[in-house]
Amino acid sequence: MCRLIFLVLILAMGLVSLPAAAQVDELPDEIDATVVDFGDATGVPNPVIEVGRDEASGNDVVAFTEAGGIRVGTVTEEGFEDWGADVPRGELTAVVTVSGEGVLLAITTPGPRAHLLLVEPNGSATDLISKNGYRTTDGGSFDDGTYGFILVSADGTADISWSYEPGAGVTEFEVAEPHTDVQDTAVEQVDDDGAYFVLYGTEDTRTLGPVGLAGPGLVEVPGAPVDIVTTHGHEGPGGAVVGTVTTSGDEPFVHLYRYQRQPGGFLDVDPEFETEPLNLGEASAVFALITLGEGSLLVGHSGGGADYLASIDLLDPNGNYLDGYVFPSDQELFVQGMTSNGAEVIMVGADPAVEGFEDYRAIFFAPFGRFLDDNGSVHEEDIDAIAERGITFGCNPPDNTLYCPEETVTREQMAGFLARAFDLEPTGDNPFEDTADSVFVEDIIAISEAGITIGCNPPDNTLYCPEDTVTRGQMAGFLARAFDLEPTGDNPFEDTADSVFVEDITAISEAGITIGCNPPDNTRYCPGDDVTRAEMASFLIRGLEDTG
């Protein structure tokens, strides 16, 4: 879980040319903002909030400080479920979800004394290990199923790590090389060879290196010691994305670097990952870097003072800024944590207008649309619309963060789209001899029984040709039969007179399902062209909305 930052001031205009973030006057329809009652936090002027996601249940887990201690529970769009665990008051530095078990809390109690606690949903809290004279730091989960934390001694020396393996417990071991004057750390997985950590101090010390005794050594991370966070979740290009905030004059800039294992085994900066520095304004902060599907990156940052602004920028796998979203000051959102599951994002923050921060908001939204690969497409709204209706789930299960808009539609996929759009279920036997092995066989049977298809080899029609692509002419035939449309006027297109689907094309044109393929003239329909998944979404949603 990314280290959370509490110092936030005014978000200034960037000094570099980046895509303009969308400033909103109110939360748009796709954002479901829910005020979640986390209980009385009076007496805690700066409550700590950490969030994580339990992959076993799919729910988000929140831990936060209050006057009496630390509370842990599940947060969903329906509200907050308190686990009722008895956790002592201390400095909360990390929450790492352990799938199927609960969460690991890293806290520091006065002394200082570092603790690693396993808190379960039933309310039990087990102190797995504690060590006097140390304070805890950030933690992370790794691909091999283990979890790592770093301890820093009272004199500022980072020299001990914890590793937790479900079912095996806690292992304590020394880090490769002690580091002094350490202010903070962040644990991160770099690649399959092991866990790595990032730590920095007060005198330009910033290092990326291995946890444990083995490893190729340490590498320097550029930047002044203002702030540092690392990504969590690597579904795309591997490597640790490290964000540093460096100061130029009075204004800090966010710099992002991706470190990967290079030939010879050493870590170094990935030359393919280049980002423009992002100006945050005076002393603003990054609170999250999250890797999404295909390596896209969410950068969450915030500003404060009179305007509590929370912003999210989306970057592609190579560090190019794709889109941005800014929450205005009248939302009074003081963001302290963020986690993500595919395109869905949860942000947790406190309302600064409420004395003692008693009110917390959990916001669930997909800030860049339902899918990550259709941004900027003229069909994006239609793609989102069929997703909302349950007609499509995506093209990369089980994550389903992608839609693959430019891929062509096959006849079996078309059956799936239509069966879901019209809520069709098969009632009889399979009429085609070439669809038994198709994952869409029941959908094909269903649209056949509904009269939407008769087959692909007339006059016998014993075949469906499930893997063939759908042409725009065939699409007109599918839709005209599905919506029971008949032409009433003349053919509006100059290239469809010889098509066997000419009447169907005329019918869907009259129904407003198509306007043509050569805007702005739209004198042609292009009946022989293959239909893309993006075009199919627009065809289908226009039919559903215009014909009922």
Side-chain angles (χ1 to χ4, degrees), residues 55-58 235-236 292-294 341-344 366 369-374 377 379-380 382-458 460-483 501 529-541 543-544:
E55 300 299 339
S57 66
E235 301 171 17
L292 301 177
E294 299 299 305
N341 180 22
E344 180 192 59
R370 172 62 179 84
F371 301 106
L372 300 174
D373 60 349
D374 62 352
S377 170
H379 303 280
E380 183 176 5
D382 297 330
I383 294 169
D384 288 344
I386 65 170
E388 290 174 2
R389 290 173 179 246
I391 297 171
T392 185
F393 303 106
C395 65
N396 62 325
D399 293 336
N400 287 319
T401 57
L402 305 177
Y403 180 73
C404 306
E406 299 307 314
E407 289 188 5
T408 55
V409 179
T410 64
R411 288 174 56 87
E412 62 181 355
Q413 291 170 344
M414 191 68 235
F417 284 123
L418 291 169
R420 290 190 290 269
F422 292 93
D423 196 22
L424 302 176
E425 295 286 345
T427 60
D429 296 331
N430 181 7
F432 303 112
E433 60 189 42
D434 62 344
T435 60
D437 294 333
S438 172
V439 296
F440 297 95
V441 60
E442 292 192 356
D443 299 324
I444 295 169
I445 296 171
I447 67 168
S448 173
E449 293 172 343
I452 298 175
T453 186
I454 55 175
C456 67
N457 62 325
D460 295 337
N461 287 317
T462 56
L463 304 176
Y464 179 73
C465 307
E467 297 181 358
D468 285 2
T469 56
V470 177
T471 66
R472 288 173 58 89
Q474 293 169 344
M475 172 68 76
F478 277 121
L479 296 180
R481 290 190 290 269
F483 291 108
F501 299 101
D529 288 359
D530 289 336
V531 175
T532 66
R533 288 172 57 89
E535 293 170 338
M536 186 282 309
S538 294
F539 276 125
L540 199 51
I541 201 63
L544 292 169

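Using a 4.5 Å heavy-atom cutoff, the side chains of Asp443 and Leu418 are not in contact.
For Asp437, the CG atom sits in a loose shell: 12 or fewer heavy atoms of surrounding residues, nucleotides or ligands are nearer than 6.0 Å.
Between Asp374 atom CG and Asp384 atom CG the span is 6.0 Å, to the nearest 0.5 Å. How far CD of Glu467 is from OG1 of Thr410: 7.5 Å, rounded to the nearest 0.5 Å. We find the CZ-CE distance between Arg472 and Met536 to be 13.5 Å, quoted to the nearest 0.5 Å. Taking CD of Gln474 as the start and CE of Met414 as the end, the distance is 11.0 Å to the nearest 0.5 Å. Separating the CE atom in Met475 from the CD atom in Glu535 is a distance of 8.5 Å, to the nearest 0.5 Å. A distance of 10.5 Å separates OG1 of Thr408 from CG of Asp468, quoted to the nearest 0.5 Å.
No side-chain donor-acceptor contact under 3.5 Å links Asp434 to the backbone of Leu463.
Among residues two or more places apart in sequence or in another chain, the side-chain hydrogen bond (donor to acceptor under 3.5 Å, both in side chains) test is passed with Asn461 by none. A search for ring pair (Phe, Tyr, Trp, His ring centres under 6.0 Å) contacts involving Phe432 returns Tyr464, not counting sequence neighbours. Residues passing the side-chain hydrogen bond (donor to acceptor under 3.5 Å, both in side chains) test with Ser538, sequence neighbours excluded: His379, Asp382. Every residue two or more places apart in sequence or in another chain that forms a side-chain hydrogen bond (donor to acceptor under 3.5 Å, both in side chains) with Asp530 is listed here: Thr469.
Contact between Leu424 and Ala446 at its shortest, heavy atoms only, is CB-CB, 3.9 Å. Closest approach of Ala537 to Ile383, counting heavy atoms only: CB-CG1, 3.8 Å. The shortest non-hydrogen separation linking Ala436 to Val441 is CA-CG2, 4.4 Å.
Residue pairs meeting the disulfide (SG to SG under 2.5 Å) criterion with at least one partner in residues 404-458, sequence neighbours excluded, are Cys395-Cys404, Cys456-Cys465. Among residues at least two apart or in separate chains, side chain to side chain donor-acceptor pair (under 3.5 Å) pairs with a member in residues 416-431 are Thr427-Glu449, Asn430-Thr435.
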| task | Walk me through it: do Phe478 and Ile447 pass the test side chain to side chain contact (heavy atoms under 4.5 Å, CB included)? | result | CA-CA 9 Å; Phe478 277 121; Ile447 67 168; 4.3 Å; yes

